[in-house]
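Reviewing the structure listed below.
Throughout, residue positions are numbered sequentially from 1 according to the sequence presented.
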Amino acid sequence: MDKSLIRNLIRDVIAEEVKAMKSGKSPAAATSSVRIASDADLATFAKDVLRLAEDPQVRAAIQAGRHPFHLASSSAPTVASPSGQSHRVDKGVVTEGTIAKLGKTVSRLLLGPGVSITPLARDKAKARNISVERIGQ
């Protein structure tokens with residue numbers, strides 16, 4: 001990859017983050033939509049929370065209520081076909097670390113308005129066969 005391309009990508013991400021900070025939006029917060037319709041869904045959610053809690057910062061955010069979980073309505077497009085689940089991010093930036101923390105059953109990443117995704121995160125998602133979709137725009 002060309003150095004000037006890398007610089008431009010980094011410059012774009014930093015510009016978006018500065019803009020988000022100036023507007024008072026928290027760039028690091030992520031919202032997880034959860035659908036629990038069966039014991040298997042509940043077990044998957046519990047495993048996902050345990051996996052998220054391996055990161056001390058995320059664990060602290062969960063304990064402080066800064067990493068919200070919301071029940072997905074049955075009509076909302078937050079759950080994919082039976083082959084996998086969706087994960088929704090409503091604000092901030094999706095990084096390689098975000099993709100790495102997603103459960104193995106996640107097959108769709110839904111990005112809300114204004115959410116940025118780094119090129120490396122997009123590459124990681126593609127490598128894991130996770131489709132990235134923008135919603136609400």
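Evaluated for a side-chain contact (heavy atoms from CB on, under 4.5 Å) with Val115, the options Val93, Ile135, Val89, Asp90 yield exactly one hit, Val89.
Taking CG of Leu109 as the start and OG1 of Thr98 as the end, the distance is 8.5 Å to the nearest 0.5 Å. Rounding to the nearest 0.5 Å places NE2 of His87 at 9.0 Å from CG of Asp48. To the nearest 0.5 Å, the span separating CD on Glu96 from CG on Asp123 amounts to 9.5 Å. The structure places CZ of Arg134 at 7.5 Å from CD1 of Ile117, a figure rounded to the nearest 0.5 Å. If you take CG on Leu111 and CD on Glu133, they are separated by 9.0 Å, rounding to the nearest 0.5 Å. Taken from CZ in Arg59 to CG in Leu50, the straight-line distance is 11.0 Å, to the nearest 0.5 Å.
For Ile99 against Ala121, the heavy-atom pair with the smallest separation is CG1-O, 3.6 Å. Of all non-hydrogen atoms in Leu110 and Ser86, the two that sit nearest each other are CD1-CB, 4.0 Å. Nearest heavy atom pair, residue Ala125 against residue Val132, reads CB-CG2, 3.9 Å.
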